[in-house]
There are 2 protein chains.
Amino acid sequence: MTQSKSPSERRAHLVQLAGDLFAEKGFRATTVREIADAAGILSGSLYHHFDSKESIGDEILSAFLEDVLAGYREAVRDTADPRTAIEQIVRSSTANLSRHRAALTMLQNDWNYFSGQPRFAYLRTAMKEIEQTWIEQLERGKQTGQFRADLDTRLTYRLLRDILWLPTSWRSSATWSTEQIIDGLLRLLFDGIRA
Amino acid sequence: MTQSKSPSERRAHLVQLAGDLFAEKGFRATTVREIADAAGILSGSLYHHFDSKESIGDEILSAFLEDVLAGYREAVRDTADPRTAIEQIVRSSTANLSRHRAALTMLQNDWNYFSGQPRFAYLRTAMKEIEQTWIEQLERGKQTGQFRADLDTRLTYRLLRDILWLPTSWRSSATWSTEQIIDGLLRLLFDGIRA
DNA sequence: TGATACCAAGCAAGCGTTCGGTCAAGGGCG
DNA sequence: CGCCCTTGACCGAACGCTTGCTTGGTATCA
C-alpha cells in the first residue's frame, strides 16, 4: 500500500496503530487481528515486524516510562522549592500522559499481567523511582512548612500520583483542554475545593 | 461436599468466589475455569447455577450500584449543607467500595465491554444519577460561598468521583485503615496539601 | 539476486457453553 | 420399615469459536 520512506518507519506506524487500540480497550482485550485490520494487513503479517504481541507492548511501555522518568528527574534537578518541583512534575506528566495514552491504560488495566513477567521487571523499578521522587518532595515541603505537617506522606503520594494519572483514562473528549485540566488539578491539590 | 443449609446459599458463595477473582484480574481476564477451580468443581458445573458468565457479572454490578445509589440518596436527603452532604457521600461510598471491590474493578477494567451491551444499560443510568448528585452539591456549595466560585463544576466532579474510587484498586494492603483513607481524602478534597 | 513486505492457510491452545449421565439426600406412601 | 421417585449438585466429554503464532509461498524493487 503506502510505501514508507525510511526503513522501519512502517514499524513505528504499526506501533502507533496498536497503541491507539490498547488505549481504548487495554492490552489483553486487543487482538492481533484487530491491530492488523487497522493496518490493512493480515494478522500473520504482523510477525514480519514483531516477534510477538508482547514486544509491541514492551516498546510502548518502556518508551513511556523513559519519558516520564526524564520529566521527573528534570523537575527535581532544576528546582530547590518542593512546591515548584511538584508543579513541574504535574506539568511534565500531563504532557507525557497525553502523548502516551496507551501506556497508561495498559498499566491500569493489565498491571497484573505485565508486572508478573520477568521481561517487564523494569516496570517495578520505574515505579519505585517515581514513588521515591514524590516522597522526597512531600517530605521537604513538610519540613519547610509549605505543606501540612500532618500529611501521611505515603498515603498522600499514592493519592496524588493516581489523581494525576486519572484524566488520561477519560475518553479523548474535547470537553476540557490540557491547560484546563492542569489548572483544575493544581488548584485542587494545593488548595482543595474550599473557598 | 459441604452441604448448604438454605437453597441457593451455595450460589451466593459462588458469586463471592467469582467476585474475588474479578476484583484482582477484571471480568474479561477471569475465566470460568478459574472460577470453577476456586469452587472445587468443573467449569461446566457452574452452568447449573448461572446461565452465563455475564449473569455473574450482572449480579455483582447491580448489587453494587443499588448500594451506592442508596448511599447517595440518603446523603442528600438528610442534609441541607452541601459540605456535609459531600462528606456523607464520601463516607458511604468508602464503605460500599470496600464491600464491593469486584464491582469497581469491573467498571474500571471492562467498562467498554459492559457499557456497550443493552443488558447493562442500567450502568449508564446509575452513572448519570451519580453525576447529577455531585453537580448539584457542588453548585449549591458555590452559591453559599463554601466552595471556590471558580470551580469548573463538571471537571471537579469528574476529579472528585474518580479520586474517591481510587483507593479501592489499591491491593487490599493493611497499610492504611479505612478511617485513615477517609481522613486523608476529606482533608485533601477540602483543604489541599498546603499549610 | 536477494532483501523487504505481505498473503493464504493453518496449527495448538484456550475460551464460554452444552449435554447426557451419575449419585446422594429426602419426602411420600404402602 | 422399606420402597420409589424426585430433586439438586456435579462429572466427563465434547462443541464451535477465537486466540497468538507459524510456515511456505509470492510480488516488488533495488
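Please read these numbers as outputs of a predicted model, since none were measured by experiment. To find a chain, count down the sequence lines: A is the first, B the second, and so on, and within it residues start at 1.
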Starting at atom [atom1] of [X], determine the distance to atom [atom2] of [N], rounded to an integer number of angstrom.
X: A:E9; N: C:dA5; atom1: CD; atom2: P; answer: 11 Å
X: A:F22; N: D:dG20; atom1: CZ; atom2: C1'; answer: 12 Å
X: B:D37; N: C:dC15; atom1: CG; atom2: C1'; answer: 14 Å
X: A:L46; N: C:dC7; atom1: CG; atom2: C1'; answer: 13 Å
X: A:Q117; N: D:dG20; atom1: CD; atom2: P; answer: 14 Å
X: B:L42; N: D:dC11; atom1: CG; atom2: P; answer: 4 Å

Can you classify the ring geometry of A:Y157 versus A:W134 as parallel (below 30°), tilted (30 to 60°) or perpendicular (above 60°)?
tilted
Might you list the N or O atoms of the protein lying below 3.5 Å from N or O atoms in nucleotides 16-19 of chain C, with each pair's distance?
unit_1	atom_1	unit_2	atom_2	d
C:dG16	OP1	B:T30	O	3.4
C:dG16	OP1	B:K53	NZ	3.0
C:dG16	OP2	B:V32	N	2.9
C:dG16	N7	B:R33	NH2	2.7
C:dG16	O6	B:R33	NH2	3.1
C:dT17	OP2	B:Y47	OH	2.3
C:dT17	OP2	B:K53	N	2.8
C:dT17	O5'	B:Y47	OH	3.2

Should the pair B:K53 and B:F27 be classed as cation-pi, given the thresholds of under 6.0 Å to the six-membered ring centre and 45° from the axis?
yes
Cation-aromatic face contact B:R83/B:F147, 6.0 Å, 45 degrees:
no
Just checking, is any N or O donor in the side chain of A:Q146 or A:D81 under 3.5 Å from an acceptor N or O on the other one?
yes
Answer with yes or no whether the side chains of A:Y72 and A:N96 bring together a donor and an acceptor at under 3.5 Å.
no
Only counting residues at least two apart or in another chain, list the ones meeting side chain to side chain donor-acceptor pair (under 3.5 Å) with [X].
X: A:R187; result: B:D150
X: B:S98; result: none
X: B:D67; result: B:R99, B:H100

Identify, with sequence neighbours excluded, every residue that meets salt bridge (charged side-chain N to carboxylate O under 4.0 Å, His left out) alongside A:E139.
none
When you measure from the side-chain N and O atoms of B:H49 to the phosphate of D:dC10, is any distance below 4.0 Å, counting only OP1 and OP2?
yes
Are A:H48 and C:dA5 close enough that a side-chain N or O sits under 4.0 Å from OP1 or OP2?
yes
Classify B:I41 by what it touches in the nucleic acid, base, sugar-phosphate, or nothing, heavy-atom distance under 4.0 Å.
sugar-phosphate
Picking from C:dC6, D:dG12, D:dC10, the nucleotide nearest the side-chain atoms of A:R10 would be C:dC6
Atom pairs, N/O to N/O, protein against nucleotides 20-26 of chain C, distance under 3.5 Å?
none

